[in-house]
Structures are given as structure tokens and as C-alpha cells.
Amino acid sequence: MTTAFETQLASAKWTFSTRRVDRTLATGMDTAFEKARPGELILAYVSEIGQHRRVQLESGRHSDIYPGDAVVLACGARYAPDQFEGLAEILPKSADLLAGGGCIGRMVARNERIKQATRLIPEGRLLRADGAALNLDDFAVRVSARGDRIPVIAVFGTAMNSGKTVATAQLALGLRRAGWRVAALKGTGTGAFGDFNEYRDTGAHVVADFTDAGMVSTYREPLERVRAGINRLLAHAEDAGCEIAVLEIADGLFQRETAQLLADPAFQRRISGLVFACGDAVAAAGGVAEMRRHGVTPDVLTGMLSCSPMASAEALGATGVPVLGKNDLSDPAEANAFALRSGAEWRSAA
Amino acid sequence: MELEFEAPTTDSTVKRINIATQAGPLATFVITPRRMVSSRPLVVLHGISRNARSLVRHFRAEAEHSGRLIVLPHFTASHWPHFQRPGHPARADQALVELLNRLAIRFPDCGGRVDLVGHSGGAQLAHRTAMLYPQRIARLSLVAAGWYCLPDMSMPYPYGLGESNTRSAALWIRRKQAGLAAYLELEIRVYVGSRDTERDPALRVSSALDDRQGRNRHDRARTYVDAVRAAAHGHGRVADIALIELPGCGHDFELAITEAGLARMVAETSDMTPALAAAG
């Protein structure tokens, strides 16, 4: 006989960030929201539509949401200068939809050009049979490899929307065209299917993001955890026989976790290629200077600036780093050069 | 796939396939021997005469003899007015790589290293493709290329890998430099007719080319071999390259096959006998 709880869960909209969760393990709820930790699963009801009018479903499509809809999301923080900053905190009476991919928390800052966050009323934390809160971390991809062998081409950018995802996807496409078995990975950010689907459309052999490593968002997570998540994704790629990985690091160079990774000697040693997406030539000059301050120099610049021959010439002049457009990155000859420079080992066309 | 060249007197089959690639559609003849062994496929690139169909007849016997899959792309004039040099007008290199990727689905050996042979314009495409994707090539056989991209930093692109003001030079130099070390490790065989000394209308002529590579295909082949040896030496290696002169031959590929046995030379491998024995 179906219980009311099971009916609630069955009728809820399970968001993209919860896609790995085994729903049958959810056997109850509590309302100890003060104990909520990042990654814990929350059943909530939509109370007031604001910025987000839709959520991203685990199936990979959007769903409009209406007041009264039940949604399952993960508690998490959000860093999005063009939208919200939010913390992984749930107040009992009301919470905010921080990201349509399925991130619930408390908004603390908002870009003045956007609406208030869509408001949610938390119903409960989902619990296992033993009373422990269900957490995305419980469903992280299982790996056997160590993730320390596969060459990694990292993609950084000056800011959100500077062209990192396009660069990541197009380079993965070029590598796949050249015959490499490639993984397209997103190492940091907030869970959403837009980038994930863009990667998948390239035919990359493995596509994964930090939600596959058990985090709804990497914002405000300790560097060790972020690094461990990235290693898990790389191990997943190795387990799947990938020969090379393209790894997008979200947001701009000054974002907390991005800056920590950039400055991290272990991370620097781990990457064997570096692509930097920039909006314009000034951003390129500043970004490259910041990278060089940390002892690294990008192999190429790309992003919005590559659309403009004049901006590209200015960036090349200011930095000495060549500029490539998205069609260059998806060119198998260019991508193959990345693979060879990174020491990728050819096994067989994938 | 459509079947062509069916001949009950031979056991191999020839299929003509058309594949869609990002660079354009590519027709290809695929010769499958009756007793196919697990061995490196052989890819044969025609020259400017685009005589892939004629070459099929010559290489069919080699497929039977060697047990190897032999692949002959056909760069038709309508789709590939330029195919010798990867660049802005045409990207035959992309089409070749995509062809191998597609063939690998049915013939897994195409996913590993293949032997690549090219004649004249096909030799130009072959060595430039090998520079870009050296990991996909085992043995590179170049027959009478008109001119070369030398692994020589002192010679401006496109004749070498030195800086140049030509269109997109920096892009192509960077790409080829990335694969240079692996390219210099390839087994390379360079064939040229002893009488291939004509400066015919198809031969590219310029003072820079004449001065640095030689005045004809025969001399340019020798220059290329010397340049590869020097570049490998610069990388601390000994190049596996040899120049084979075809006595009495001019520039005609088919005559070199019928009179000098060129098809057999490029198709034979050292491990062929045991492989064929294993195949029964």
C-alpha cells in the first residue's frame, strides 16, 4: 500500500542535481532544517514564482513550475554574480530556489537586474531507513582508477559567460573527431544541465560534473573536497577508458574555488594544457597577468573575444598568447595538437 | 555501401563507400581480401590524376597477397578541387581521419595505426597528414611528392616550419610542431623514379622552392630525406627513413607499379608471412 510520503515523492519534480539518487532509499522525512548540510535532499513546495519559472528535471528537460508544485532539490550554496549569491542554509518557513538545476538555500545577495528568487516552503529532509539524511555524496559515481594518469586540459575564464563551456565542448568535439576517447568534465560550479547537455552533444565518451562527484555546488566547499571531486571525475574517465579529459572550471579567476585551484601547486601539476576564455582584450590581459602571477600561462585564449579579429589581435599583442575561435578548437588537427602536447597516449580510435 | 569490381576469378571484394565528413563527402574504395589477417590496414592516396579506380585494380592483388585491408580514398574533382595541402580551401586531412574513424567501427584495425601511402599530390597530403596526426600512422610511404613541408625551422612555412607571413601560417606551424617528435619517429619510405626529373606543368616551381628543395621531384625527395634525418638528429634520434630510387621510372604511379613492383613494396610488411599462416 502506498503511503502518503511515497505519494508525495512520486508526484514531486526531481531536479537535475538529484539524478543519481536512488529514490527507494528515501523512507522518511524530518524537519531538522537547522542541521541541513550541503548536498542533503529536500522536499519543498513552490510558494511564489520569482526569477526561476522553471526547474531542470533529471530527464534533461525543463519543467514549468507553479505554486503548490512539489520539488526535490539539494541543499547548497550558489555563486552567480549575474543572479544570486546563496548559502547552504534552510530556514523552516521559507527557502530560495537558488538554481533551476535543483539547488535550495538562502539567498544573501542578488544582481539588481533580476527578480527575487523563487520562494519555496521546505517540507522535509529526506531520510534513509536508519534516520540519516540522504545526501548526493552517497550517490557519487563509484571509481576504481586513481585519476592521476589521464592528461587534463583545463578551461578557465574571466567570468561567467566568457565562453568556457563553448570552449570545453568544442575542444572535446575536436578531440573526438581526431579519434581520441575523451571526457568532458565540469569541475566546479552549481548543478545544471545546460553545460552537461552541451558536452553530451559533442559525442564525448564520458560527460560528468561535480554532481556526479556528490556535490550540488562547489561554492564554499573546502579546496580538499573540490580537488577530491575533480579527482573522482578523472578516475571515472579513466575507468571508462578515456585517453584525455577537458575540464571546465567555472566562473572567473577571482571566484573563491577557482582562485584556490589556480593557486594550488597540486592542481597546477595535474593539468597538462590550459585554455583561457575571455570576453575582451583587456580581460585577456588582466587574466593572463593574474595567471602568470600564479606561475601558469595559458596555451591559448578563446571565448567571446575570438569572435572579433580586432580584439583577438589586441589580446595577442598584449599577452603573446595565440587566440583560437570555437571552430579552431573543434578542428581535429588543432585538438590533436593539444592531445600530443599534453602527452596523451593513443590506443585506438574511439 | 555498393559493391563494385565483382570478379569471380578473385576472392577479394571491393566496396565503394561514401562517407559524410565535416570537410565534405569522401568516396572510398575498400578492398577486403578473402583471408584478411589482423594487420595494419594500408591507405593509398592517389595523385592529381585522381586514379583511385585504376589503383584498385593494382592493389587488389596486394590485398590478396598480404591479407591486409586496403583503402583507397577518391578525392573527386567536384568535391575536392584541392586536396594536397590541408588548409583553408580544403581539409582532406579531416576527411581521412574521419574515414578511419568510421571504418574502425567495422574494421577495428583502422582504429590503430595504419600504413599510409601517397603518390605525387597524394604524397603531399600523406606527409602533411602524418605531421598532424602522427599517432595514427605506422609506416609512411611517399612516392614522388612535388614538394614537401620540411621539418626545418629555418625554412618559412609552407616549405618548412619556420615563421612566415602566409595565411594562417602560425596556426599550422603550431599544429605541426606539436606532433613533430612523434612524426620523426615514424617509419618513412620515400620512393622516386630515377627519371622523375621533369619540370612538368604540375610541378610547383618557385625560386625559394627550387633553391631550398631542388628543381625536380627526384632532388626534392633527397632533400626531404636529409631534412628528416637532420631534424631527428636534432631531437636526439636516428630517423627510420630511406630513399628508394625506382630504376628507369618517371612520374607515373601505375607504370612504377607494373614495371618496378611498387605496389608490392609498399604493401609488404615484415610480419606478413606468420600473419598469413595464422589466417590459414
Side-chain angles (χ1 to χ4, degrees), chain A residues 151 153 170-171 173-182 201-205 241 243-244 272-275 298-302 306 309 312-313 315-317 319-350, chain B residues 19-23 38 40-41 85-88 90-114 125 128-138 149 161 168-186:
Chain A
I153 299 170
Q170 294 301 304
L171 184 53
L173 174 62
L175 289 164
R176 199 262 295 159
R177 283 172 166 167
W180 296 93
R181 193 168 176 84
V182 59
D201 291 347
T202 68
H205 301 84
E243 297 156 322
I244 188 164
S272 37
L274 183 54
V275 174
D299 298 302
V300 300
L301 305 178
T302 188
S306 67
S312 297
L316 174 62
T319 65
V321 180
V323 179
L324 298 181
K326 65 178 184 179
N327 290 334
D328 297 318
L329 294 171
S330 65
D331 187 320
E334 187 67 47
N336 202 56
F338 268 99
L340 295 174
R341 280 194 300 264
S342 72
E345 292 180 21
W346 176 261
R347 290 195 281 271
S348 180
Chain B
I19 68 157
T21 79
Q22 62 178 130
S38 180
R40 299 191 305 252
R85 183 153 72 99
H88 180 64
R91 292 299 304 277
D93 64 305
Q94 291 183 348
L96 270 182
V97 168
E98 184 61 28
L99 169 66
L100 293 174
N101 292 345
R102 289 280 297 279
L103 287 174
I105 296 169
R106 182 163 176 203
F107 304 105
D109 286 337
C110 289
R113 291 177 184 265
V114 303
L125 173 59
R128 293 185 177 104
T129 299
M131 293 179 94
L132 294 169
Y133 315 92
Q135 81 280 5
R136 303 207 63 159
I137 311 297
C149 179
L161 291 178
S168 304
L171 192 75
W172 289 102
I173 292 168
R174 195 178 63 249
R175 290 171 177 175
K176 289 180 176 177
Q177 284 183 340
L180 187 57
Y183 174 64
L184 294 171
E185 291 183 5
L186 298 181

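Throughout, protein chains are lettered first and strands after them, A, B, ... in sequence-line order, and every chain is numbered starting at 1.
- Of the atoms belonging to B:R91, it is side-chain heavy atoms, and not backbone ones, that fall under 4.5 Å from chain A.
- Checked against ring pair (Phe, Tyr, Trp, His ring centres under 6.0 Å), B:W172 has no partners two or more places apart in sequence or in another chain.
- When A:P332, A:A344, A:G179 are compared by the number of non-hydrogen pairs under 4.5 Å with chain B, A:P332 comes out ahead.
- Residues passing the salt bridge (charged side-chain N to carboxylate O under 4.0 Å, His left out) test with A:E243: none are found, sequence neighbours excluded.
- When each of B:G111, B:P86, B:G179, B:A178 is checked for heavy-atom pairs under 4.5 Å with chain A, B:G111 comes out on top.
- With a 4.5 angstrom heavy-atom cutoff, B:Q177 does not touch chain A via any of its atoms.
- In this structure, A:R347 contributes its side chain and A:G241 its backbone to a donor-acceptor pair below 3.5 Å.
- Side-chain N or O atoms of B:Y133 include one that pairs as donor or acceptor with a backbone N or O of A:A333 at under 3.5 Å.
- When each of B:E98, B:R136, B:R113 is scored by its heavy-atom pairs under 4.5 Å with chain A, the top score falls to B:R136.
- Proximity of a side-chain donor or acceptor of B:T129 to a complementary backbone N or O of B:D93 within less than 3.5 Å is not detected.
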